[in-house]
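Whatever order the structure lists ligands and atoms in, that order sets their numbers, starting from 1.
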Amino acid sequence: MIHHLDDLIARAVAEHDGDIYELEDLADDTPEELAPHLPRLLAADVVYPAKLYRAADSEVQRGLVMKVDAGCKDGLRLNHLLRALAQARGPVAEAAFRRWREQPPPGADELCVGPADYMPEGGWMLDGNQVRELAGSTSYYLEAEEDGAGGHGDDAESGHERCLGCGGPMWTALDLDTADERVAEALAHVGWVGRLRLAVCYQCDVDADTVFIEVGSDGTARLSAPAEPGTNLQAIEAPTVRMVPDRRAGPHPVHSAVGGQPVWMEDAHYPECSKCGKSMTYVAQIDMQDVSHLVGYHTFFLHTECNLAAMISQGE
Ligand SMILES: [Zn+2]
Ligand SMILES: [Zn+2]
């Protein structure tokens with residue numbers, strides 16, 4: 001295995017590209033195994049994909065910062081370096097992002113956003129002078145179970161919930177409760193206590209940009225802006241499964257999971273709470289293939305203080 005990893009690193013260095021699926025899998029499952037090899041990748045200027053740098057130590061972070069400060073010949077390389085630092089996290093990366101808010105590095109004017117706005121790629125951000133976590137560090141897989149096979153006692157009742165827009169059945173995408181120790185652990189970063197039920201209309205909401213759901217710890221779930229009656233005539237069948245917590249996963253699950261960090265199919269995009277404007281915190285993701293024939297993720301967020309949840313759907 002060690003020799004094999006050496007070979008993969010040698011290939012990344014030779015090809016000047018770390019986009020090798022075995023390396024990406026390691027970055028998702030056990031990024032610390034890549035840590036000893038990062039100085040070599042950095043020396044060869046292999047800084048893509050950013051997730052290879054998830055377990056970068058202070059010295060490697062310092063190396064990335066030096067490359068940024070030295071200036072990049074093109075915006076794409078600067079973009080890759082900032083993403084790698086966002087994934088690496090840690091005090092050296094944090095200090096650099098703080099400094100670049102006041103003194104942007106060379107070439108920053110070519111970026112679409114400020115350097116510190118890259119931090120959400122690694123699940124963190126600067127909120128004033130504080131670091132704020134946008135995601136969690138522990139996660140549990142969610143497994144699909146036929147609806148009605150367990151959960152709360154009022155399943156029958158929620159089954160009668162109807163969408164105000166199309167009249168179809170509401171789908172309870174998630175019904176979690178911090179009484180389950182796994183859920184309590186996976187949701188510790190959002191400070192939610194009690195039941196968290198997220199119900200949407202698959203037909204009306206699966207294509208929407210951001211769907212906001214008002215939630216209560218008693219399991220209340222109400223769409224903030226339900227579709228107007230009769231406005232939606234798509235024929236997408238609602239899933240018949242519900243997702244329930246299962247075994248423990250790592251901090252970067254790539255399947256359906258509660259907690260940990262979300263998968264982003266494009267740039268990280270944490271929705272802003274529609275009540276207060278703060279960035280919402282990630283809570284769970286559902287791999288669409290677990291519940292439908294679609295490909296992508298339903299990604300769920302929460303702003304506990306406002307009792308507001310959100311779903312965004314990242315399709316392929
Ligand atoms: Zn509907
Ligand atoms: Zn809010």
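The angle subtended at the Zn ion (ligand 2) by SG of C306 and SG of C276 is 110°, given to the nearest 10°. Rounding to 10°, one obtains 110° for the angle at the Zn ion (ligand 1) between SG (C166) and SG (C163). Take the Zn ion (ligand 1) as the corner point: the lines to SG of C204 and to SG of C201 open at 110°, to the nearest 10 degrees.
Within a 6.0 Å radius of CD in E59, no more than 12 heavy atoms belonging to other residues, nucleotides or ligands are found. No more than 12 heavy-atom neighbours from other residues, nucleotides or ligands sit within 6.0 angstrom of CE on M66.
Just one of F300, Y282, W264 meets the ring pair (Phe, Tyr, Trp, His ring centres under 6.0 Å) condition when paired with Y270; it is W264. For the pairing with E143, the salt bridge (charged side-chain N to carboxylate O under 4.0 Å, His left out) check across R247, R242, R182 returns one residue only, R247.
The Zn ion (ligand 2) sits nearest to atom ND1 when only the N, O or S atoms of H303 are considered.
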